[in-house]
Amino acid sequence: MEDLIENYGYLFEDELLKEIHEIGIYKSVKEGDVLIEIGDYIKSMPLLLNGAIKILREDKEGEELALYFIERGDTCTMTLSCCVGNSKSEIRAVAETDVHLIMIPVQKMSEWMRKYSSWQEFILQSYHSRMMEMLEAIDTIAFLKMDERLLKYLRDKAMVSHNDQLQVKHKDIAQDLHTSRVVVSRLLKKLERDNKIKLFRNRIKVIAL
DNA sequence: ACATTAAGTGATT
DNA sequence: AATCACTTAATGT
């Protein structure tokens with residue numbers, strides 16, 4: 001409950017906070033756990049308390065592409081669109097760090113929309129920011145060269161984990177950016193020469209935040 | 001000591 | 001920017 005107030009207290013009225021506390025299910029997720037798989041039907045929506053979640057798209061060959069991260073105070077917009085159409089998830093959500101969240105049954109969604117203006121505001125706002133992130137993701141993929149994409153990826157990653165020391169392997173990055181490990185290694189080397197990052201085995205320190 | 005996995009690099013397309 | 005082929009370095013058993 002304290003957690004809830006700390007993160008959402010400024011957003012929601014007391015009544016709503018109380019309801020969330022009563023109905024929501026507090027959940028703890030470990031880094032790397034898959035929260036939503038492509039094709040899943042979603043029956044509850046998550047409210048992030050802390051930690052970060054990575055949103056991935058996948059093509060028919062199983063090739064991945066990282067779209068964006070969501071953080072504390074965010075909710076999963078996929079959930080919202082799934083509620084509307086009662087359709088399946090188009091994305092995969094993987095815990096980027098250990099995550100604490102509250103699961104809200106989707107039925108409450110529309111009920112609270114009518115009952116609480118702060119909730120309606122929150123949902124609309126979060127739809128908006130997710131839309132913006134989506135556009136940014138498109139811009140990144142379409143307009144940025146691989147080296148710029150890579151640096152942005154590293155910065156985002158450092159940002160959401162509140163840590164400039166990233167525990168990653170080159171091949172994992174390659175997977176997220178949908179390129180090959182060799183390319184990533186080369187570009188990372190270049191970024192290191194430009195003093196943007198420092199390389200170690202299984203670890204990267206981001207300097208230019 | 002040996003095998004395995006991660007990372008670095010030249011050459012080619 | 002991708003791929004191949006190979007090297008070197010770090011780590012596990």
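Keep in mind that the numbers below use all heavy atoms, side chains included, and drop hydrogens, waters and symmetry copies. We name chains A, B, ... by the order of the sequence lines, and we start the count at 1 in each one.
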Review point. So where does chain A start and stop touching DNA chain B, 5' to 3', when the test is distance under 4.0 Å to a non-hydrogen atom?
Key: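 Under 4.0 Å from chain A, the extent on DNA chain B is B:dT5 to B:dA11.
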Between the side chains of [Y] and [X], is the shortest nitrogen-to-carboxylate-oxygen separation below 4.0 Å, so that they form an ion pair?
| X | Y | value |
| --- | --- | --- |
| A:Asp156 | A:Lys152 | yes |
| A:Lys145 | A:Glu148 | no |
| A:Arg92 | A:Glu64 | yes |

Practice item. Identify, between A:Arg186 and A:Lys171, the residue whose nearest nucleotide on DNA chain B lies closer to the 5' end. Key: A:Lys171
**Study point:** Exceeds 12 heavy-atom contacts within 6.0 angstrom, atom CE of A:Met134
**Key:** no
Closest contact, heavy atoms only, [X] versus [Y]:
| X | Y | value |
| --- | --- | --- |
| A:Glu111 | A:Glu19 | OE2-OE1, 4.4 Å |
| A:Leu11 | A:Ser118 | O-CB, 3.3 Å |
| A:Val160 | A:Ala52 | CB-CB, 3.6 Å |
| A:Arg155 | A:Leu209 | NE-O, 4.1 Å |

Revision key, fill the gap. Chain A reaches DNA chain C, atoms under 4.0 Å from its heavy atoms, from C:dA1 to C:dT11
Point to revise | Within 45° cone of A:Tyr41 ring axis and under 6.0 Å: A:Lys43 NZ or CZ | key: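 No.
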**Study point:** Terminal helix-axis angle for the helix from B:dA1-C:dT13 to B:dT13-C:dA1, with five pairs defining each axis and rounding to 10 degrees
**Key:** 10°
Review point. How far apart are the C-alpha atoms of A:Phe122 and A:Phe12, what are their side-chain angles, what is the distance that settles it, and do they pass the ring-ring contact (aromatic ring centres under 6.0 Å, His included) test?
Key: CA-CA 8 Å; A:Phe122 171 68; A:Phe12 302 145; 5.2 Å; yes
